[in-house]
Visitor: 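Encoded as structure tokens, here's the structure I'll be asking about.
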Amino acid sequence: MKHKILVARATFPDVVARLEQHFDVESNQGDQVFSPAELAERLQGKDGLFATLSERISAEVIAAAPALKAVCNMAVGYDNIDLAAASRAGIKVTNTPDVLNETTADFAWALLMATARRITEAEHWLRAGQWKKWRYDVLLGADLHGATLGILGMGRIGQAIARRSSGFGMKVIYHNRSRLPEELESGANHAGYVSKEDLLRTADHVVLTLPYSPQLHHTIGAAEIALMKPSATLVNIARGGIVDDAALIAALREHRIASAGLDVFENEPALNPDFLTLSNVVLTPHIASASEPTRRAMANCAADNLIAALGGRQPPNLLNPEANRKE
Ligand code: GLV
């Protein structure tokens with residue numbers, strides 16, 4: 001008999017068709033966002049879950065789904081899943097690393113450039129009919145070339161961002177839980193390790209790429225923003241909750257830093273409405289990995305993990321080898 005799975009949100013139809021070759025699939029192509037209670041209800045009798053970052057797989061949801069053996073997230077981040085509770089319940093959990101590194105790094109640069117050079121603000125100004133004449137000081141921004149780029153969180157995506165900076169002749173500094181091996185610092189990343197405080201004090205542009213965990217909640221709050229240069233930009237492509245949004249809004253309003261580019265927010269998609277009142281922030285709806293080939297690769301990667309996990313094989317991107325076997 002085929003294993004039963006739930007595909008929690010709409011995804012590429014050919015990936016659903018692939019899953020149907022292996023499993024008895026309940027697929028949410030209508031793309032309703034399930035409440036935790038609805039999710040638990042849909043998971044009754046399901047062996048596997050193809051999840052996205054919008055489902056919160058809490059200890060309660062896990063406890064309510066006794067048949068569940070694998071949760072395969074279509075995202076590199078997995079802060080939406082209670083990994084410890086899943087491991088205790090013998091549920092294998094996987095993510096989609098690597099396939100999105102380059103696309104996400106491209107986007108970090110797009111957001112950084114739009115923020116530093118005030119691209120969206122300029123377009124809004126032009127569309128509002130305010131472009132009446134040339135002026136020497138209209139919409140002056142910050143330079144990227146020759147500036148110091150500070151990367152907080154130097155994993156695979158942080159390193160892909162660092163590699164791209166050489167075309168701009170930038171100095172790269174980084175801070176990370178653990179320092180990179182010498183060959184990675186001096187090689188293509190050409191990045192120097194500094195403390196978090198030195199990074200915030202020195203960088204002209206700060207990019208956040210660290211994964212979210214409760215310990216890293218509000219890694220950037222009022223005290224950290226106070227260390228930054230008044231001319232600095234802050235870009236967050238990591239996760240909402242890494243930045244204290246209220247503190248950032250206050251700093252942007254008072255021009256204590258120049259600008260911010262944000263792809264992620266606390267409580268997204270319900271972002272703090274005060275962001276919408278500010279002109280020195282560029283706002284995007286969590287799309288850093290959203291290129292057609294990359295989203296397709298992520299969906300196939302999650303499917304590969306599910307097919308392996310329920311087929312009794314080690315999934316390629318297993319996050320919790322400590323999960324007890326559950327057949
Ligand atoms: C996107 O934010 C992801 O974690 O893949």
Side-chain angles (χ1 to χ4, degrees), residues 7-12 15 31 33 49-58 70-83 86 92-112 114-115 151-161 176-177 207-220 234-243 245 260-271 275 282-306 309 315-320:
V7 179
R9 296 290 307 281
T11 193
F12 297 95
V15 176
D31 209 30
V33 179
L49 172 63
F50 180 109
T52 71
L53 46 81
S54 40
E55 289 75 55
R56 191 139 294 282
I57 321 295
S58 61
V71 173
C72 298
N73 220 26
M74 186 188 145
V76 64
Y78 49 89
D79 51 294
N80 58 317
I81 302 170
D82 187 331
L83 195 62
K92 293 177 178 136
V93 178
T94 65
N95 66 341
T96 60
D98 292 324
V99 291
L100 45 55
N101 294 347
E102 302 302 323
T103 294
T104 304
D106 287 351
F107 185 84
W109 275 94
L111 194 52
L112 174 56
T115 305
I151 301 177
L152 196 53
M154 195 62 151
R156 291 164 289 219
I157 295 171
Q159 292 175 46
I161 294 169
N176 198 42
R177 215 173 13 190
V207 178
L208 307 176
T209 64
L210 57 176
Y212 180 84
S213 67
Q215 297 72 36
L216 294 176
H217 189 69
H218 289 182
T219 294
I220 302 294
L234 176 70
V235 167
N236 186 7
I237 56 150
R239 271 291 180 276
I242 301 262
V243 174
D245 284 354
L262 306 172
D263 189 46
V264 287
F265 305 88
E266 292 187 275
N267 308 316
E268 63 183 55
L271 73 165
F275 277 126
V282 178
L283 306 166
T284 54
H286 204 147
I287 54 166
S289 67
S291 75
E292 154 86 26
T294 292
R295 282 286 165 86
R296 191 172 281 284
M298 291 166 71
N300 275 306
C301 178
D304 290 342
N305 280 313
L306 201 45
N317 308 112
L318 184 62
L319 291 164
N320 58 345

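Order of listing sets the numbers, starting from 1, for every ligand and every atom in it.
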Visitor: Which heavy atom of Arg295 sits nearest to which heavy atom of His286, and what is that distance?
Guide: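 Arg295 and His286 have their closest heavy atoms at NH2-O, 3.8 Å.
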Visitor: I'd like to know if the side chain of Asp82 reaches the main chain of Ser58, judged simply by a donor and an acceptor atom lying under 3.5 Å from each other, with no hydrogens or angles considered.
Guide: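 It does not hold such a pair.
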Visitor: So, taking the atom named CD in Glu268 and the one named CG in Asp245, what distance separates them when rounded to the nearest 0.5 Å?
Guide: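 Reported value, rounded in 0.5 Å steps: 9.5 Å.
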Visitor: For Asp31, check side-chain hydrogen bond (donor to acceptor under 3.5 Å, both in side chains) against everything at least two apart and list the hits.
Guide: Arg9
Visitor: Quick check against the 3.5 Å criterion: does Thr294 have a side-chain atom that pairs as donor or acceptor with the backbone of Ser291?
Guide: no
Visitor: Considering only heavy atoms, which protein residues lie less than 4.0 Å from any atom of ligand 1?
Guide: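 Residues within 4.0 Å of ligand 1: Leu53, Ala75, Val76, Gly77, Leu100, Arg239, His286, Met298.
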Visitor: Out of the candidates Val282, Leu262, Asp106, Asn236, only one should pair with Leu111 under the side-chain contact (heavy atoms from CB on, under 4.5 Å) rule; please name it.
Guide: Val282
